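Predicted, not measured: the structure shown is a model, and the values here were computed from it.
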Amino acid sequence: MLQSFNSMNPSMELSSSLTPFSKKLSDISFSSSLSPFSLQLYPQPSKPKNLRVLAVAVGPSQELPRNSPQRLLKELAHRKKATAPRKKVPPKRFILKPPLDDKKLTERFLNSPQLSLKQFPLLSSCLPSSKLNTADNTWIDEYLLEAKQALGYPLEKSDELGDDNPAKQFDTLLYLAFQHPSCDRTNARHVRSAHSRLWFLGQYVLELALAEFFLQRYPRESPGPMRERVFGLIGKRNLPNWIKAASLQNLIFPYDDMDKLIRKDREPPVKSVFWALFGAIYLCFGMPEVYRVLFEVFGMDPEAEDCQPRLRRQLEDVDYVSVEFEGNKLSWQDVATYKPPEDALFAHPRLFRACVPPGMHRFRGNIWDYDSKPQVMQILGYPLAVNDRIPEITEARNIELGLGLQLCFMHPSKYKFEHPRFCFERLEYVGQKIQDLVMAERLLMKHLDAPGRWLQEKHRRVLMNKFCGRYLREKYLHRFIIYSEQVQDAYENNRRLRNPATTAVQQALHGLSYTVYGKPDVRRLMFEVFDFEQIQPKSV
C-alpha cells in the first residue's frame with residue numbers, strides 16, 4: 001500500500017492520524033495541494049482501538065521561498081557556523097620559555113650596557129639591554145651622518161669622547177631614537193624596548209621645557225592659554241611639519257612619501273621618533289640643547305598664528321612683575337643660555353620670579369605667616385641646610401620660601417578676581433611638569449627591563465590626581481589651604497570640591513621646591529615626605 005503511495009509523488013510528505021476504520025470507504029478522504037489521487041485501504045480482520053499511519057517520501061528537497069522563516073533560520077545557522085572564531089596559536093616569542101639559570105642571568109646583566117655607566121645612572125638605564133649587533137651598526141653607518149647633519153651636530157663619532165662625558169653615548173641613543181615601532185629593526189627586543197624607553201622620557205622633557213619657557217616669556221598669563229600654546233607647538237597633528245622642516249622624514253619613512261600617507265600611518269611613527277629624539281638629547285646634552293633643537297633646527301615660532309590661544313575674557317592684572325620681565329619678552333636664547341649668578345637665592349631664580357609675584361610681600365607677617373607656616377615647614381622639612389657665603393642670603397631665601405609656601409596654599413577663590421597671579425596656578429603648572437619628569441626618571445632607573453608602554457601605565461597610575469591629593473591629606477596639610485569665605489564651608493563638607501584643590505596644592509609644592517632648591521628637593525618631597533611609591537612602612 002505504501003509503495004503505491006510513494007510512487008504517486010516522491011516529494012510529498014504526509015502524516016495522518018486516523019480513528020478506527022469505518023466500514024464505508026467513502027468516510028475516508030485525503031486532501032493535498034498536489035494532484036488528486038485515489039487510495040484504497042483494506043480493513044484488517046482485527047479491530048485496533050487506535051491506529052497512526054505515517055507516510056514519508058524522501059527525495060530532492062525543494063528550495064524554500066526567499067521570505068520563508070525556515071530558510072532565513074538555515075542561512076543564519078550556516079553563517080554562524082562559518083564565522084566561528086578560530087583558536088589563535090600564539091606567536092613563538094610569546095610562548096613561555098624556561099627561565100635562565102643563575103649563571104646565564106648573571107652574565108646577561110653584567111654584560112648589559114645598562115650597567116656600564118656608574119656616573120650617569122639615568123643615561124645608563126636608557127641604553128639597550130644588549131650590545132648593538134651587525135644590523136644595528138649597518139644602519140648607523142648608512143644613515144647616522146645624515147641625521148647628525150640635519151640636527152646640527154659634528155659628524156665625528158661620539159665614541160671618541162671621554163668616559164666622563166655623557167655625549168659619548170649620543171650615537172647609540174640617536175640610532176635608537178629613529179627605530180620607531182613600524183620600522184624594520186623593531187623585531188629586535190633590545191632595539192624596541194630601548195626606543196620605547198626614550199620616548200617615554202622625551203615627552204615629559206618637552207612638556208617641562210616649554211612650560212618653563214612660556215612661564216618666563218609671559219609672566220602675567222594664566223596656565224590655561226600657555227597649555228594651548230604648548231599643544232599648538234607639539235600637538236601630534238603638527239609634528240610631521242617639524243620633522244619635514246628638519247628634513248628627517250626620509251629617515252623615518254625610507255620607502256614611503258610622508259605627505260601621501262594617511263594620518264593613522266603618519267602621525268604615530270613621527271610622534272614616537274620626535275619624543276625619543278628629545279629624550280636622547282636631554283640625556284646627552286641637557287635642557288639648553290633641547291631649546292636649540294626645538295627653535296633652531298625645527299624652526300618653531302611661539303608667535304605663529306596656529307599656536308596662539310583662543311580669545312577669552314582676561315582679568316585685569318594691576319600687580320607688578322619682576323624687573324627682568326617688565327617690558328621685555330624673553331626669547332628662547334635668553335631661557336636656554338641663562339645661568340644664575342653665584343650668590344643667587346634659588347636654584348632657578350628667574351623661574352621663581354615668574355611664578356611668585358613681588359607683591360606677595362604684602363602678606364608677610366599675616367596670621368597664616370605666624371600660625372600655619374611653622375607647621376607646614378616642619379612637616380615638609382624646611383628650610384634645608386644650605387652653605388651660603390653670607391648669612392643674609394640664607395635669611396632672604398627663607399623669607400622668600402615662606403612667601404612661596406603661602407602662595408602654594410592660596411586658593412584662586414581668595415584673591416584671583418582682583419589679583420590674578422595671587423594664587424597657586426602658575427606654581428601648580430610647573431610643579432605638575434617637574435613631578436612627571438622626576439617620576440619618569442625614577443621608574444626608568446628602577447625598572448631596567450621594562451618597555452616604555454608598561455612604564456607609561458605605571459606612571460599614570462602612580463600620579464593620578466586623586467592619589468596626589470590623598471598624599472597631601474595624609475600629612476594633614478589640607479587644613480592650611482586659604483579659601484574665600486564663600487567657598488570655605490562648601491569645600492570643607494564636600495569631598496568632590498575639596499580633592500581637586502588638594503591635588504593642585506600638592507603640585508604647587510613641587511613647583512616651589514623645584515624653583516627654590518632644584519630637582520633633588522622634588523625627589524625628597526615625592527619619595528621621602530609624601531611617599532608617592534607607597535613603599536614606606538605605615539604606622540599602625
Side-chain angles (χ1 to χ4, degrees), residues 120-126 166 173 177 196-216 223 226-227 230-231 233-234 271-272 274-291 293-294 335-336 346-348 351-352 354-355 426-448 450 452-465 467-468 471 503-504 506-533:
F120 312 105
L122 178 62
L123 172 60
S124 182
S125 68
C126 293
L173 294 182
S196 63
R197 291 168 70 88
L198 278 178
W199 68 247
F200 168 68
L201 176 67
Q203 58 181 321
Y204 302 116
V205 170
L206 282 170
E207 292 279 348
L208 178 63
L210 291 178
E212 291 188 24
F213 171 68
F214 284 123
L215 280 169
Q216 298 176 57
M226 281 188 280
R227 293 179 192 273
V230 172
F231 180 76
L233 287 178
I234 60 172
K271 182 178 73 170
S272 179
F274 193 84
W275 286 354
L277 194 58
F278 284 97
I281 293 172
Y282 171 73
L283 289 171
C284 293
F285 302 106
M287 198 65 83
E289 189 66 16
V290 171
Y291 288 114
V293 176
L294 273 176
V335 177
F346 314 112
H348 302 276
L351 187 60
F352 179 89
C355 297
R426 291 172 69 87
L427 281 174
E428 175 199 3
Y429 182 40
V430 67
Q432 182 184 17
K433 304 309 175 186
I434 188 61
Q435 170 183 291
D436 287 341
L437 182 59
V438 167
M439 179 57 74
E441 294 177 356
R442 179 82 163 193
L443 292 176
L444 284 168
M445 291 187 286
K446 191 174 182 179
H447 305 282
L448 292 179
R453 292 200 178 278
W454 186 89
L455 293 172
Q456 180 84 23
E457 183 65 19
K458 179 78 172 175
H459 185 279
R460 186 188 69 83
R461 291 178 181 272
V462 172
L463 292 184
M464 291 179 74
N465 284 342
F467 293 147
C468 296
Y471 304 144
T503 300
Q506 173 83 69
Q507 294 170 348
L509 289 174
H510 294 155
L512 179 70
S513 68
Y514 174 65
T515 58
V516 176
Y517 292 109
K519 194 188 294 183
D521 191 50
V522 182
R523 296 193 194 100
R524 183 187 68 86
L525 284 183
M526 290 179 64
F527 306 122
E528 296 179 20
V529 177
F530 293 112
D531 189 23
F532 267 62
E533 293 181 310

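- Pairing each heavy atom of Lys433 with each of Ala211, the nearest pair is CG-CB, 3.9 Å.
- Going from atom SG of Cys126 over to atom CE of Met445 covers 9.0 Å, rounded to the nearest 0.5 Å.
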Take Tyr429 and Arg227 through the test side chain to side chain contact (heavy atoms under 4.5 Å, CB included) and record every step on the way to the result.
CA-CA 9 Å; Tyr429 182 40; Arg227 293 179 192 273; 3.5 Å; yes
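- A donor atom on one side chain and an acceptor atom on the other are found under 3.5 Å apart for Gln456 and Gln203.
- Summarising the geometry, atom CD1 belonging to Ile234 is positioned 8.0 Å from atom CH2 belonging to Trp275; distances are rounded to the nearest 0.5 Å.
- Put simply, the side chain of Arg453 reaches to within 4.5 Å of the side chain of Trp199, judged on heavy atoms.
- Phe278 and Leu294 get closest at one heavy-atom pair: CZ-CD2, 3.5 Å.
- Within a 6.0 Å sphere centred on NZ of Lys519, other residues, nucleotides and ligands contribute more than 12 heavy atoms.
- Closest non-hydrogen pair, Ser125 versus Arg197, comes out as O-NH2, 3.0 Å.
- How far CG of Leu512 is from CZ of Phe352: 6.0 Å, rounded to the nearest 0.5 Å.
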Residues Leu283, Leu201; criterion side chain to side chain contact (heavy atoms under 4.5 Å, CB included); working and verdict
CA-CA 9 Å; Leu283 289 171; Leu201 176 67; 3.7 Å; yes
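- A side-chain contact (heavy atoms from CB on, under 4.5 Å) with Asp436 is found for one member of Gln507, His459, Glu207 and no other, namely His459.
- Tested against His510 for a side-chain hydrogen bond (donor to acceptor under 3.5 Å, both in side chains), the candidates Gln435, Arg523, Glu428 yield a single pass: Gln435.
- Atom SG in Cys468 sits 5.5 Å away from atom CG in Leu463 (nearest 0.5 Å).
- Side-chain atoms of Arg426 do not come within 3.5 Å of backbone N or O of Pro223 as any donor-acceptor pair.
- Looking at Lys446 and Glu533, a side-chain N of the basic residue comes within less than 4.0 Å of a carboxylate O on the acidic one, giving a salt bridge.
- Electrostatic pairing of Arg524 and Asp521 counts as a salt bridge here, judged by a charged N lying under 4.0 Å from a carboxylate O.
- Val438 has its side chain within reach of Phe527: a pair of non-hydrogen atoms, C-beta onward, lies under 4.5 Å apart.
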Evaluate Val230 against Leu206 for side chain to side chain contact (heavy atoms under 4.5 Å, CB included), listing each step before the verdict.
CA-CA 9 Å; Val230 172; Leu206 282 170; over 6 Å; no
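- Taken to the nearest 0.5 Å, the CG atom of Leu351 stands 6.0 Å off from the OG1 atom of Thr515.
- Expressed to the nearest 0.5 Å, how far CE of Met439 lies from OH of Tyr204 amounts to 10.5 Å.
- Classification of Glu457 and Arg461 as a salt-bridged pair holds, one side-chain N sitting under 4.0 Å from a carboxylate O.
- Between Phe213 and Tyr291, the ring-plane angle classifies as tilted under the 30° and 60° cut-offs.
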Apply side chain to side chain contact (heavy atoms under 4.5 Å, CB included) to the pair Met287 and Leu208, showing each step before the final yes or no.
CA-CA 9 Å; Met287 198 65 83; Leu208 178 63; 4.0 Å; yes
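- Residues Tyr514 and Glu212 bring a donor and an acceptor atom of their side chains to less than 3.5 Å of each other.
- More than 12 heavy atoms of other residues, nucleotides or ligands sit less than 6.0 Å from atom CZ of Arg460.
- Taking each heavy atom of Ala280 and Leu198 in turn, the nearest pair found is N-CD2, 4.0 Å.
- The two atoms that bring Gly518 and Ala347 nearest to each other are N-CB, 3.6 Å, heavy atoms only.
- When all heavy atoms of Phe532 and Tyr471 are compared, the pair lying nearest together is O-OH, 3.3 Å.
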